[in-house]
Asker: 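For reference, the structure I am asking about is given below.
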Amino acid sequence: MSGRVDGIVLRITDPPNCARCEGPGLLLARFPDSWKNARSEDVRGLREAALCPACDRGGAAADELLALFAVDDQVGLSNAELLGELVAEWVEYLRHRKVDAALLDEEHGRWERGNL
Ligand SMILES: [Zn+2]
């Protein structure tokens with residue numbers, strides 16, 4: 001099964017393994033995003049993320065998605081709407097996490113300079 005929500009393309013059938021731990025992924029989301037390249041230019045493109053039951057545990061949206069897969073291993077048309085909402089939240093979280101990482105780096109730099 002695959003679907004499209006807000007520009008997000010989902011793949012649930014045979015999702016790839018997690019890029020971080022190489023364990024089996026639960027779904028693959030492909031979504032438009034923008035980021036800065038090494039020369040600080042905005043780059044627009046598609047990101048891909050596999051939902052991993054090990055690595056993604058702990059994020060609010062990811063936990064809800066993992067719970068959905070845990071309760072109902074036949075994720076499909078009957079709960080496609082809920083799945084779409086949760087995936088949209090998770091993708092928002094992924095987009096923001098990148099920003100949070102930059103903030104953390106900045107805080108870490110301030111801490112190292114003794115300003116925090
Ligand atoms: Zn993983």
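Side-chain atoms are counted along with the backbone in the values below, which use heavy atoms only and exclude waters and symmetry mates. Atoms within each ligand, like the ligands themselves, are counted from 1 in listed order.
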Asker: Mind checking what makes side-chain contact (heavy atoms from CB on, under 4.5 Å) contact with Glu22, not counting sequence neighbours?
Answerer: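 With sequence neighbours excluded, Glu22 shows a side-chain contact (heavy atoms from CB on, under 4.5 Å) to no residue whatsoever.
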Asker: Report, as a single number, the protein N, O or S atoms less than 2.8 Å from the Zn ion (ligand 1).
Answerer: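 Every protein N, O or S atom under 2.8 Å from the Zn ion (ligand 1) counted, the figure is 4.
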Asker: Residues in side-chain hydrogen bond (donor to acceptor under 3.5 Å, both in side chains) with Asp14, at least two apart?
Answerer: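 By the side-chain hydrogen bond (donor to acceptor under 3.5 Å, both in side chains) rule, Asp14 matches no residue at all.
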Asker: Is Tyr93 linked to Leu66 within one hydrophobic cluster, defined over Ile, Leu, Val, Met, Phe, Trp and Tyr using a side-chain heavy-atom separation of less than 4.5 Å?
Answerer: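 Same hydrophobic cluster.
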Asker: Identify the residue among Leu26, Ile12, Leu94 that makes a side-chain contact (heavy atoms from CB on, under 4.5 Å) with Leu51.
Answerer: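 The side-chain contact (heavy atoms from CB on, under 4.5 Å) with Leu51 is passed solely by Leu26 among Leu26, Ile12, Leu94.
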Asker: In chain order, what residues pass the salt bridge (charged side-chain N to carboxylate O under 4.0 Å, His left out) check against Glu64, with sequence neighbours excluded?
Answerer: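 So Glu64 forms no salt bridge (charged side-chain N to carboxylate O under 4.0 Å, His left out) with any residue.
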Asker: Check this for me, if you would: do Asp42 and Lys36 make a salt bridge, where the nitrogen-to-carboxylate-oxygen distance has to be below 4.0 angstrom?
Answerer: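 Between Lys36 and Asp42 there is a salt bridge, with a charged N closer than 4.0 Å to a carboxylate O.
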